[in-house]
Amino acid sequence: MWRRVASVSHLFSHSKSTKFNQGASTFKIWETFTSESEIPTPSKGSPFITFVLGGPGSGKGTQCAKIVEAFGFTHVSAGDLLRREIASGSAYGSVILSTIREGKIVPSQVTVELIQKEMESNDNYKFLIDGFPRSEENRKAFEQTIGAEPDVVLFFDCPEQEMVKRVLNRNQGRVDDNIDTIKKRLEIFDELNWPVINYYSQRGKLHKINAVGTVDEIFEKVRPIFAPLSK
Ligand SMILES: Nc1ncnc2c1ncn2[C@@H]1O[C@H](COP(=O)(O)OP(=O)(O)OP(=O)(O)O)[C@@H](O)[C@H]1O
Ligand SMILES: Nc1ccn([C@H]2C[C@H](O)[C@@H](COP(=O)(O)O)O2)c(=O)n1
Ligand SMILES: [Mg+2]
């Protein structure tokens with residue numbers, strides 16, 4: 001069960017009106033006041049947003065594919081959107097490429113704009129936002145631009161050694177799947193992602209999943225979280 005605790009429109013007077021936020025006056029903060037295992041009931045009138053967090057190679061993308069299949073979400077991968085932007089030869093492309101090569105985080109404004117476009121061009125109302133937010137700056141930029149908060153936050157908790165092994169075996173030709181970039185990505189994850197994880201934990205939105213085991217074993221831990229949702 002969820003309750004609205006505050007309207008903070010005065011703090012976001014420069015928020016843009018979007019499909020998800022009819023101007024700043026409708027921006028609300030919600031918090032859970034019961035156990036972490038409950039999720040809010042989605043309605044077709046408003047987006048149901050799940051953020052998917054976890055270190056590099058923790059299995060976010062793999063589990064997102066399973067959630068899409070079982071529960072009818074639309075998968076929005078921040079990393080895929082950025083890679084698509086590079087491939088399109090856009091003005092931002094070279095900056096994004098060098099940032100990804102260095103294992104760093106692309107400025108939030110760029111990533112949030114890509115996520116917003118993707119969400120707005122999709123008729124579905126259930127979204128998995130994979131690999132986002134990677135930092136407090138990412139998180140705040142999303143709230144401010146989209147004017148919404150996640151309903152659910154998944155965190156795939158995986159030991160470093162296992163993540164490194166998975167990434168080095170991935171074999172998808174990614175420029176960041178090499179040992180030097182992985183080390184940097186793990187450092188950045190430790191430095192910037194934990195504050196985000198703690199933020200959502202404190203708000204009772206975080207579902208921490210032990211990401212060790214087979215893909216199916218891990219999905220059986222994810223499934224009950226979304227069981228109240230129909231496809
Ligand atoms: N439970 C698992 N056991 C073994 N290998 C796995 C498991 N889950 C995913 N993998 C494999 O590990 C690699 C990384 O998985 P995936 O791409 O889903 O991770 P990710 O969290 O999305 O990583 P990134 O943040 O780098 O995009 C892939 O090759 C995938 O097939
Ligand atoms: N919020 C994000 C998400 C991704 N990136 C960049 C940096 C990552 O290393 C790279 C790949 O992302 P992944 O596919 O691993 O989720 O994309 C970012 O800067 N900000
Ligand atoms: Mg991924």
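These numbers were taken from a predicted model, which means no experiment stands behind them.
Distance alone, capped at 3.5 Å, places no donor-acceptor pair between the Glu118 side chain and the Ile115 backbone. A donor-acceptor pair under 3.5 Å links the side-chain atoms of Gln63 to the main chain of Val215, judged by distance alone. Between the Asn193 side chain and the Arg134 main chain, a donor and an acceptor come within less than 3.5 Å of each other. With hydrogens and angles ignored, the 3.5 Å screen pairs a side-chain donor or acceptor of Thr145 with a backbone N or O of Ala141. Judged by distance alone, the side chain of Thr99 and the main-chain N or O of Val95 form a donor-acceptor pair under 3.5 Å. Between the side chain of Arg139 and the main chain of Ser135, no donor-acceptor pair closer than 3.5 Å is present. Side-chain N or O atoms of Ser98 include one that pairs as donor or acceptor with a backbone N or O of Ser94 at under 3.5 Å. With Lys205 contributing its side chain and Pro150 its backbone, the two residues share a donor-acceptor pair below 3.5 Å. The closest donor-acceptor contact from the side chain of Asn124 to the backbone of Gly72 lies under 3.5 Å. Looking only at distances, no side-chain donor or acceptor of Lys66 sits under 3.5 Å from a matching main-chain atom of Asp216.
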- Message: Glu102 vs Thr181, test: side-chain contact (heavy atoms from CB on, under 4.5 Å). Steps then yes/no.
- Response: CA-CA 6 Å; Glu102 289 166 29; Thr181 310; over 6 Å; no
- Message: Glu220 vs Arg223, test: salt bridge (charged side-chain N to carboxylate O under 4.0 Å, His left out). Steps then yes/no.
- Response: CA-CA 5 Å; Glu220 288 315 314; Arg223 191 195 292 279; 3.0 Å; yes
- Task: Determine, stepwise, if the pair Leu114 / Glu85 fulfils side-chain contact (heavy atoms from CB on, under 4.5 Å).
- Result: CA-CA 9 Å; Leu114 294 173; Glu85 195 66 7; 3.5 Å; yes
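Taking 4.5 Å as the limit, every side-chain heavy atom of Thr50 sits out of range of all side-chain heavy atoms of Val153. Counting heavy atoms from C-beta outward, Met119 and Ile129 have side chains that approach closer than 4.5 Å. Proximity of Val76 to Asn122: side-chain heavy atoms (C-beta onward) are nowhere separated by under 4.5 Å. At least one side-chain heavy atom of Ile105 sits less than 4.5 Å from a side-chain heavy atom of Ile188. Side-chain contact check for Phe51 versus Pro133: some heavy-atom pair is nearer than 4.5 Å. Between Ile197 and Phe189 the shortest side-chain heavy-atom distance falls below 4.5 Å. Residues Val52 and Phe132 fail the side-chain proximity criterion, which asks for heavy atoms closer than 4.5 Å. Counting heavy atoms from C-beta outward, Ile182 and Asp176 have side chains that stay 4.5 Å or more apart.
Here CZ of Phe142 is found 14.5 Å from CD of Glu137. Values are rounded to the nearest 0.5 Å. Rounding to the nearest 0.5 Å places CG of Leu128 at 9.5 Å from CZ of Phe48. With rounding to the nearest 0.5 angstrom, the CD atom of Gln144 is 10.5 Å from the NZ atom of Lys140.
With no hydrogens or angles considered, no side-chain donor-acceptor pair links Asn198 and Trp194 at under 3.5 Å.
Val196 and Phe127 fall within the same hydrophobic cluster, where Ile, Leu, Val, Met, Phe, Trp and Tyr residues are linked whenever their side-chain heavy atoms come under 4.5 Å apart, directly or through other members. Linking Ile, Leu, Val, Met, Phe, Trp and Tyr residues whenever their side-chain heavy atoms come within less than 4.5 Å leaves Ile218 and Val212 in two separate clusters. There is a path of hydrophobic side-chain contacts, each under 4.5 Å, that joins Val68 to Ile225.
Comment: Arg170 engages Asp177 in a salt bridge, judged by a side-chain N to carboxylate O separation of less than 4.0 angstrom.
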Sequence neighbours excluded and cut-off under 3.5 Å, please list the side-chain donor-acceptor pairs for residues 154-163, or say none.
| unit_1 | atom_1 | unit_2 | atom_2 | d |
| --- | --- | --- | --- | --- |
| Glu162 | OE1 | Lys165 | NZ | 3.4 |
| Glu162 | OE2 | Arg166 | NE | 2.9 |
| Glu162 | OE2 | Arg166 | NH2 | 3.4 |

